[in-house]
Every structure is written in C-alpha cells, then in structure tokens.
Amino acid sequence: MRVPLSWSYTQTLAAKNDTHISEFLLLGLSQDPEVQPLIYVIFLSMYLTTILGNLLIILAASSDLRLHTPMYFFLCNLSLVDICFTSTTIPKMLVNIQTQRKAISYEYCITQIFFYILFISLDDFLLTVMAYDRFVAICHPLHYTVIMNPRLCGMLLLGCWVLGLLNSSMEVSVSLRLSFCPVVEIPHFFCELDQLIKLACSDTFLNNLVIYCASVLVGGGPLLGIIYSYSKIISSIRGVASAQGRYKAFSTCASHLSVVSLFYVTSMGVYLSSTVSERAYPSAVASVLYMVVTPMLNPFIYSLRNKDIKKALKSFFVHGTAKQPIILH
C-alpha cells in the first residue's frame, strides 16, 4: 500500500523534532572577540566582589553575639542565597569566555534552570520574611522576642525552601517534555527558561501557563506581603510622637527597603524588556542587573547603612587580631 506523501512528511518532521538535543549554544552578551576580554574582567570582578561582600556579612553576623537576632539570621541566609544565585550562572559564563566554547550540555542547562529558579524564589521569599520581621519589631516591639522565637524563624526559613523547591521543580518538570528544533542557539549568557521555550518545536502552551502562574504567585504574592507589612510599619511610625523616634524606627527598615526596591525594579526591568522588545539582547543586558549587580550591591547597602555590621567587622578584624597570643623567644 502506498503511503500518502503528506503523512510521510509529517512523520519524518515529527521524528526530526523529537531528536534528543545533547547540548545548546550560549551566545553570551556579545559576539565581538575584542569585547570578550573586557566582559570577562568585569564579570569576574563583580562575581568576586559579590562572594567577598556576602561572606563578610555572614562572618560579621555569626561572629558577634549581639547580632544573633532574627533580622541578622535572615540576612545571613539572604547573603548565602545570593552567593549560590550568582554561582549558578557566572562561573559557567566565565569558563565559556576563557575557553572560547559556547556549548552547554542539555543536562547542565536543565540543572542551571532548576537552581536559578530556586535561588531567585528564595530571594523573593526571604525578603518577604524580613519585611514581616521588621513589621513585628516596629508594630509589636514588646512582644518581638516572643513572636520571633527561634522555632518560628526556623519554620519560616524551612517554608521558604519548600516553596522554592516546589516552584523550581514544577517549572523544570514541564520543560522536560519539550522537544527542540535543530537550531539550539540561546541568545543569552545562561540557560534562561523563556529562551529555552522559544527554541522548542513542540506545544509550549502548558509551559507558558506554568510560568505565568508562577510569576503571579511567586512574584505577586510576596510583593503584596511586603507592601502590607510596610503599610502597617508606616502607620505605626506616624504614630510616634518625636521626630527622633520616627527616624530611629524608619532607619531599621531603610536597608531592607532599599534591597527590596532594587530587587523588584531590576526584575520588572527584565520582564518589561523581554515583553516590549522581541530581541533577546535587551533582556540579557537587563538580566545582568538583577543576577549580578543586585547580589553585589546588597552587602554594601546593609553594611554602609548599618552601624552594627560595621562594629562587628571592626571588632573581628581589629580586636580579633589583637587577641592572638604573642610568643616571646
């Protein structure tokens, strides 16, 4: 029996599309070979600054007993997440520039997407928990130590990890069902989920639906919680009689509010750049802001505006060195 030509062509095309892709090509931020060394130096400097700055925050908060409070407990976890967040994408990018190779394996790409979504979700949830901590500290100062007890802090941190793992697992699991076309070039410096979906030849309706729902729940939910917490904080601060008392109360929230603003402004910049422009280059450049610049600036924001962090670091490096035993021969 003769097989219809149209049916045979459809089957051949489907088989071609279902071929397993072993690797993708990351095009990076620029194709110009003369710009590559400059990009390498800039990103390496920002990555090392991010690691060093966040490690200093963790070191200061863990070495000083006065900083063993819920606020600094969550700040240490935020710094740890920022280190992991940048380490998910930047080292691979630096290796690709140094070796002049753009390839990334399919397994590595999926793993990168999983941890990228996990840590960006943890950043979002931890900022929300820190807003709740400031709400309790300012609106219920007499009951702060009772409400924000170690057990509740541990449960809040565990909840952040559980929600982050569920979100990343859900988004990655629906991506595993995709089949890809022969063109496997990702116009980005890491495996971004949106760019990966655009390369798929199979139906992506479910993937887009999951991404949209996750963006609304994971992005919008915590943002509403932060807005609600700060609305209560502002109402409480307005009730303080003295101007000095209002300033002291608001100064405890200034660093966190700055980090929240930076996080959401850069995230919205990435979203708008990918929505307005059909080209991937503006989205890739905008991604640098919240993937590299934001984790790098967070330690500076908390240390420059926080006298406790400065005292802890000074005590560790100055008095800690002075307390070393001196051996006389």
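- Residues Leu223 and Leu156 fall within the same hydrophobic cluster, defined by Ile, Leu, Val, Met, Phe, Trp and Tyr side chains chained together at heavy-atom separations under 4.5 Å.
- Using a 4.5 Å cut-off on side-chain heavy atoms (C-beta onward), Ser45 and Val41 make contact.
- Not one N or O on the side chain of Asn96 forms a donor-acceptor pair closer than 3.5 Å with the backbone of Met93.
- Remark: Lys92 is not positioned above the aromatic ring of Phe190, lacking an NZ or CZ atom under 6.0 angstrom from the ring centre and at most 45 degrees off the axis.
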Original post:
Taking it one step at a time, do Val259 and Met130 satisfy side chain to side chain contact (heavy atoms under 4.5 Å, CB included)?
Top reply: CA-CA 11 Å; Val259 171; Met130 294 172 72; over 6 Å; no

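- Contacts of His68 classified as ring-ring contact (aromatic ring centres under 6.0 Å, His included), with partners at least two apart in sequence or in another chain: none.
- Cluster annotation: Leu52 is connected to Ile301 through the hydrophobic network of ILVMFWY side chains, with a link wherever side-chain heavy atoms come within less than 4.5 Å.
- Between Ile110 and Leu196, the closest side-chain pair of non-hydrogen atoms falls below 4.5 Å.
- The backbone N or O of Leu163 sits nowhere less than 3.5 Å from a side-chain atom of Asn167 that would complete a donor-acceptor pair.
- Annotation for Ala61 and Cys76: closest pair CB-SG, 3.2 Å, computed over non-hydrogen atoms.
- Between His256 and Tyr230, the distance from one ring center to the other falls under 6.0 angstrom.
- A distance of 9.0 Å separates OH in Tyr116 from OG in Ser121, rounded to the nearest 0.5 Å.
- Lys232 and Cys139 make their closest contact through O-SG, 3.5 Å (heavy atoms, listed as atom of the first residue, atom of the second, distance).
- Within the 4.5 Å cutoff, the side chain of Leu29 has heavy atoms near those of the Val288 side chain.
- The closest side-chain heavy-atom distance from Ile186 to Glu192 is not below 4.5 Å.
- Using modelled atom types, no side-chain atom of Ser229 and backbone atom of Phe135 make a donor-acceptor pair closer than 3.5 Å.
- Other residues, nucleotides and ligands contribute more than 12 heavy atoms inside 6.0 Å of the CZ atom of Arg177.
- Counting heavy-atom neighbours within 6.0 Å of Phe115 CZ, excluding the residue itself, gives a total of 12 or less.
- Side-chain atoms of Tyr302 and Ser79 include no donor-acceptor pair closer than 3.5 Å.
- If you check the side chains of Asp133 and Tyr144, you find a donor sitting under 3.5 Å from an acceptor.
- Under the 3.5 Å distance criterion, the side-chain polar atoms of Thr294 are matched with a main-chain donor or acceptor of Leu289.
- The line from OG1 of Thr99 to CG of Leu94 is 10.5 Å long, rounded to the nearest 0.5 Å.
- There is no path of hydrophobic side-chain contacts, each under 4.5 Å, that joins Val218 to Ile120.
- Aromatic ring pairs are classed by plane angle as parallel below 30°, tilted from 30° to 60° and perpendicular above 60°; the pair Trp161 and Phe119 is perpendicular.
- Minimum interatomic distance between Asp123 and Phe263 (heavy atoms only, all atoms of both residues): CB-CE1, 3.9 Å.
- By the 4.5 Å heavy-atom criterion applied to side chains, Met291 and Phe85 are counted as neighbours.
- Taken from CD1 in Ile51 to CG in Leu56, the straight-line distance is 11.5 Å, to the nearest 0.5 Å.
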**OP:** Kindly determine whether Val184 and Glu23 satisfy side chain to side chain contact (heavy atoms under 4.5 Å, CB included), including the steps that lead there.
**Re:** CA-CA 8 Å; Val184 290; Glu23 64 181 18; 6.0 Å; no

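- Contact between Ile113 and Cys191 at its shortest, heavy atoms only, is CG1-O, 3.1 Å.
- Using a 4.5 Å heavy-atom cutoff, the side chains of Ile211 and Ser215 are in contact.
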**OP:** Any chance you could lay out the side chain to side chain contact (heavy atoms under 4.5 Å, CB included) test for Val293 and Leu262, step after step, and finish with the verdict?
**Re:** CA-CA 10 Å; Val293 177; Leu262 183 63; 5.8 Å; no

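- A heavy-atom distance below 4.5 Å is found between the side chains of Tyr132 and Ile147.
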**OP:** Could you go through the side chain to side chain contact (heavy atoms under 4.5 Å, CB included) check for Leu67 and Ile309 one step at a time?
**Re:** CA-CA 8 Å; Leu67 301 185; Ile309 294 289; 4.2 Å; yes

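- For the residue pair Cys160 and Val129, the shortest heavy atom distance occurs at SG-CG2, 3.6 Å.
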**OP:** Apply side chain to side chain donor-acceptor pair (under 3.5 Å) to the pair Ser87 and Tyr47, showing each step before the final yes or no.
**Re:** CA-CA 8 Å; Ser87 299; Tyr47 178 65; 2.9 Å; yes

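- A donor-acceptor contact shorter than 3.5 Å links the side chain of Asn54 to the backbone of Pro295.
- Leu27 is not listed as a side-chain neighbour of His188, based on a closest heavy-atom distance of 4.5 Å or more.
- Using modelled atom types, no side-chain atom of Thr204 and backbone atom of Ala200 make a donor-acceptor pair closer than 3.5 Å.
- Side chain of Glu185 to main chain of Phe24: no donor-acceptor pair is present (N/O by atom type, distance under 3.5 Å, no hydrogens or angles).
- Heavy-atom contacts from other residues, nucleotides or ligands closer than 6.0 Å to CE of Met170 number more than 12.
- Heavy-atom neighbours of Glu34 CD from other residues, nucleotides or ligands within 6.0 Å: at or below the threshold of 12.
- When atom types are taken as modelled, the side chain of Asn77 and the backbone of Phe73 share a donor-acceptor pair closer than 3.5 angstrom.
- In terms of hydrophobic clustering, with Ile, Leu, Val, Met, Phe, Trp and Tyr side chains grouped at heavy-atom distances under 4.5 Å, Ile57 and Leu48 are assigned to a common cluster.
- Contact detail for Ser231 and Tyr228: the closest heavy-atom pair is OG-O, 2.5 Å.
- Rounded to the nearest 0.5 Å, atoms SG (Cys253) and CD1 (Ile237) are 5.5 Å apart.
- Leu127 is connected to Leu165 through a chain of hydrophobic side-chain contacts under 4.5 Å among Ile, Leu, Val, Met, Phe, Trp and Tyr, so both are in one cluster.
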**OP:** Show your working on side chain to side chain donor-acceptor pair (under 3.5 Å) between Asp64 and Tyr72 and close with a plain yes or no.
**Re:** CA-CA 11 Å; Asp64 196 330; Tyr72 292 105; over 6 Å; no

